Amino acid sequence: MDLLNALVAFANFVFVPAMSYGAQLALGALGVTLIYSILRFSNFAHGDTMAFGTMCTILVTWGLQHLGISLGPLPVALLALPAGIALTGVFLLATDKVVYRFYRRTRAAPVVLTMVSLGVMFVMNGLVRFIIGTDSIDFADGARFVVSARDFRTATGLDEGLAIRTTQAITIAVAAVAMVLLFWFLNRTRTGKSMRAFSDNEDLALLSGINPERVVAVTWLIVAALATTAGTLYGLDKSFMPFTYFQLLLPIFAAAVVGGLGSPVGAVAGGFVIAFSEVGVTYAWKKIAGYVLPESMQFSGLGQLLSTDYKFAVSFAILVLVLLFRPTGLFRGKSV
Amino acid sequence: MTRSVLLFAGMAALFVLTGLTQSWSLALTVLNMGVISAIMALGVNMQWGYAGLFNIGVMGFVALGGLGVVLTSTAPVAGAMAAGGWRILLALAVGVLIVLGAVALWRRGGRLRAPAVILVLVAGFFAFRALLDPGVAGVEAINPTVQGNIGGLGLPVLLAWPVGGLLAALAAWGIGKTALGLRSDYLAIATLGIAEIVLAVLRNEEWLARGVKNVIGLPRPVPYEVDLQQSARFTGWMADLGIDPATGASLAVKLGYLGLCGSVLALVMLLAELALHSPWGRMMRAIRDNEIAAGAMGKNVKHQHLKIFIIGSAVIGIAGAMMTTLDGQLTPASYQPLRYTFLVWVMVIVGGSGNNWGAMLGGFLIWWLWVMVEPIGAGVLSAITAPMSDGWLKSHLHDGAAHMRLLTMGVILLLVLRFSPRGLIPER
């Protein structure tokens, strides 16, 4: 019985939160990795792209709510998401046309493009703050819990409750669908295959008649979809604040780099590695230990390895460790 | 040459204009931070402009410089060493030994090295925490509302500037040893991450510098305004000059800081120029332009990279210490990468990477814009919205002025990268 309680506590405080956070990071990292492998630079504007996409989704959500539309237990934001993706896609394509294309034509060094993405980051950050402000916005509606702690306790008779928030369940489901779609697209469709060919060997791909501008445009559209989805899921799960999204860039990069920049599978793996280590290292294990360990071995403290404020530091400590032993990440990413 | 002179004259005119239209006190405040920003930009320029190292962990070194001020110049906290200070020092020494031991074990090789290293590190972590935690608890229990940290050495505050540089240099040595082998983007992201780790430590380890509770009232290298106003000699001078003593005192203090910071800037600039135009500087640029060729000529690329990384970081650390001294307080929560890393990068790119004068100009210009864009933006927006009727949109636009500076910085950076990629004063 105690072991079951420990398992439930683990699921409640570690597994479920880390899974949903990991899914959000993985979606973000997939976007970073796609840009790295096809456009060949580290996009520092990605966190703010997520913020921009989420902002568009929120604005559409407000519009829908104003019209009195509701999805019952599901948040209306899911309905607004495609519109948010479309708006972000248009914005990213325009950015590419106005900003990035010039450097692609002149074959600028990747590090120059990275600097350019810093500029884009500033502009996007300013735009988002200008349009929607800096306050925290909670836009999740619908039912709060799929499983509430009290229901779980009465149903199972255990001491520990398991609570799964609607937003967490949606995050994991939507992220799974998005990843399946992406991998299907990259591996099965003609456009996806030409993107991979372009990523592996640009010159050979050009020789075989692949239209580079089309590959680039499709990449930006996929990135818009991934970033907006990741941002919206994160915003539903926590809340929307432009500054938080800028900070999210750090664990997202960590995830992409730990997995290996340019490797989609690596990005997903990296997202979960980072999320589980962040949650695991900063969680107070005392409660779980209380169920599992005998009386004599109980912790005197909280059983917390590091205080929760070290969350970002943990993701980077892992990043640095991985880079020391595998300079291009777990799944052997590339370097330009 | 004439172009640079003109640009610097224009920059000076901007500060004079600020003084004439707003106030001399504001102009001096902006100028002082401009000087410090210019030193930071010089440090980044050494790493990026001379050597092509993409360091986006500037904030970490700035923060370490600030820590240097607290550890050097604040008074020691009575009883802190006895209450746990020695224990903390012992724990830190043990921690270093554990890491060195793990590295040595890894280097020895063998099939079982991976599990052995992991075992040593995990066991070592728990031993380290067992040693550290009681010490920390002891120190943090001392008068926590105003102290709770181990305090400093009580030395003169100007000594803290080189100490801040030294702390940053030490950190840079550690980072360089581990991360400089990485390729450009990986190095950049690693430095970004390490800066975040430094900040996390600074925010959470209250025994070190009170964490987010901040250290305020740091000693100053210049007199206090209140003391000046009470001095008969000073008020006499002010009366002769026909200046209100309160304004005069504030201006005098700021001029004092300007003298100190300006001397450091001049010194750093002199050394940087001498280094850049020496054979060593030529070698650094040769390495930057073609690592493989430079390596083939017998230059030790990795060693030189480490050297310039340490020197540049030390310069940034000194600037960080100066900034903390100027502020009179250490507020770890205020260190944000947007302001202390990316803005410094904008300074270097806009000014002209690879050229010390360019980096310096960028420091002044971008800092001036950073401060002034907000009032200018508010003015522009009020002008635009003046004919509009009061309402939601008008007030929203007014609030938006606060966010104009990020937008402006981004647009400036993009325009410079597009139309003048080598900056305002390009490398010769």
Side-chain angles (χ1 to χ4, degrees), chain A residues 36 41-42 44-45 98-99 102-103 108-112 114-116 118-131 133-134 242-243 246-247 249-250 253-254 256-257 261 301 305-307 309-321 323-325 327-329 333 335-336, chain B residues 48 52 54 56 106 114 121 125-126 129 133 175 178-179 181-190 192-201 203-204 211-212 336-338 342-343 345-346 349 353 396-397 399-418 421:
Chain A
Y36 191 84
F41 69 96
S42 305
F44 276 86
V98 176
V99 184
F102 169 77
Y103 299 96
V111 69
V112 173
T114 302
M115 306 254 174
V116 172
L118 280 183
V120 175
M121 173 187 89
F122 273 111
V123 172
M124 283 182 117
N125 199 320
L127 269 181
V128 170
R129 289 178 187 208
F130 192 83
I131 296 175
T134 49
F243 182 67
F246 167 71
Q247 281 193 321
L249 184 65
L250 309 174
F253 263 128
V257 172
L261 275 172
L305 295 178
L306 286 172
S307 99
D309 301 310
Y310 277 108
K311 234 176 66 180
F312 284 150
V314 170
S315 50
F316 277 105
I318 292 162
L319 166 84
V320 173
L321 267 180
L323 286 185
L324 286 182
F325 295 110
T328 55
S335 59
V336 287
Chain B
W48 169 246
F54 195 14
I56 44 174
W106 182 261
L121 285 177
F125 178 77
F126 284 102
R129 287 290 299 264
D133 288 355
I175 295 167
T178 48
L182 302 170
R183 295 297 201 85
S184 61
D185 288 19
Y186 290 89
L187 170 69
I189 293 163
L192 181 69
I194 292 165
E196 284 296 324
I197 295 176
V198 169
L199 251 290
V201 169
R203 282 185 194 141
N204 290 294
V212 286
Q336 301 295 350
L338 220 47
F342 296 124
L343 193 67
W345 268 93
V346 176
I349 302 285
S353 59
H396 184 79
L397 282 177
D399 296 340
H403 314 302
M404 289 292 281
R405 45 161 65 149
L406 283 174
L407 204 63
T408 319
M409 290 303 141
V411 171
I412 292 175
L413 182 62
L414 286 178
L415 287 177
V416 167
L417 279 169
R418 175 74 166 75

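Just so it is clear: chains get the letters A, B, ... in the order the sequence lines come, proteins before strands, and each one is counted from 1. Keep in mind that the numbers below use all heavy atoms, side chains included, and drop hydrogens, waters and symmetry copies. Computed from a predicted structure; not experimentally measured.
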Hey, does [Y] have a side-chain heavy atom less than 4.5 Å from the side chain of [X]?
X: B:L192; Y: A:F44; answer: yes
X: A:F122; Y: B:L338; answer: yes
X: B:V201; Y: A:Y310; answer: yes

Could you tell me which of A:A313, A:A254, A:A317 has the largest number of non-hydrogen atom pairs under 4.5 Å with chain B?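 Among A:A313, A:A254, A:A317, the one with the most close pairs to chain B is A:A313.
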Let's test your reading of the structure: which of A:V314, A:V99, A:V120 forms the most heavy-atom pairs below 4.5 Å with chain B?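 Option with the top pair count is A:V120.
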Measure the spacing between [atom1] of [X] and [atom2] of [Y] and express it to the nearest 0.5 Å.
X: B:E196; Y: A:K311; atom1: CD; atom2: NZ; answer: 12.0 Å
X: A:M115; Y: B:F342; atom1: CE; atom2: CZ; answer: 10.5 Å
X: A:L118; Y: B:I349; atom1: CG; atom2: CD1; answer: 8.0 Å
X: A:F246; Y: B:Q336; atom1: CZ; atom2: CD; answer: 8.0 Å

Checking heavy atoms, do the side chain of [X], its backbone, both or neither come under 4.5 Å from chain B?
X: A:L250; value: side chain
X: A:S42; value: both
X: A:V128; value: neither
X: A:M121; value: side chain
X: A:V116; value: both
X: A:F102; value: side chain
X: A:L127; value: both

Determine the minimum heavy-atom distance between [X] and [Y], stating which atoms define it.
X: A:V123; Y: B:V411; value: CG2-N, 3.7 Å
X: A:S307; Y: B:N204; value: OG-OD1, 3.7 Å
X: A:L305; Y: B:F125; value: O-CZ, 3.7 Å

For B:H403 and A:T134, indicate whether the former's side chain and the latter's backbone hold a donor-acceptor pair under 3.5 Å.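 Answer holds: no.
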Checking the side chain of A:Y103 only, and the main-chain atoms of B:L417 only, is there a donor and an acceptor separated by less than 3.5 Å?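 Yes.
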Side chain from CB out, backbone as N, CA, C, O: work out which of these in [X] comes under 4.5 Å of a heavy atom of chain A, or both, or neither.
X: B:R418; result: both
X: B:V198; result: neither
X: B:F54; result: side chain

Using side-chain contact (heavy atoms from CB on, under 4.5 Å) as the criterion, list what pairs up with B:L343, not counting sequence neighbours.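 Partners of B:L343 by the side-chain contact (heavy atoms from CB on, under 4.5 Å) criterion, ordered by chain and then number, come out as B:R339, B:M347, B:I366, B:W367, B:W370, B:M409.
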Pick whichever of B:V416, B:L413, B:L415, B:I189 has the most heavy-atom pairs under 4.5 Å with chain A.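 Among the listed options, the one with the most contacts to chain A is B:I189.
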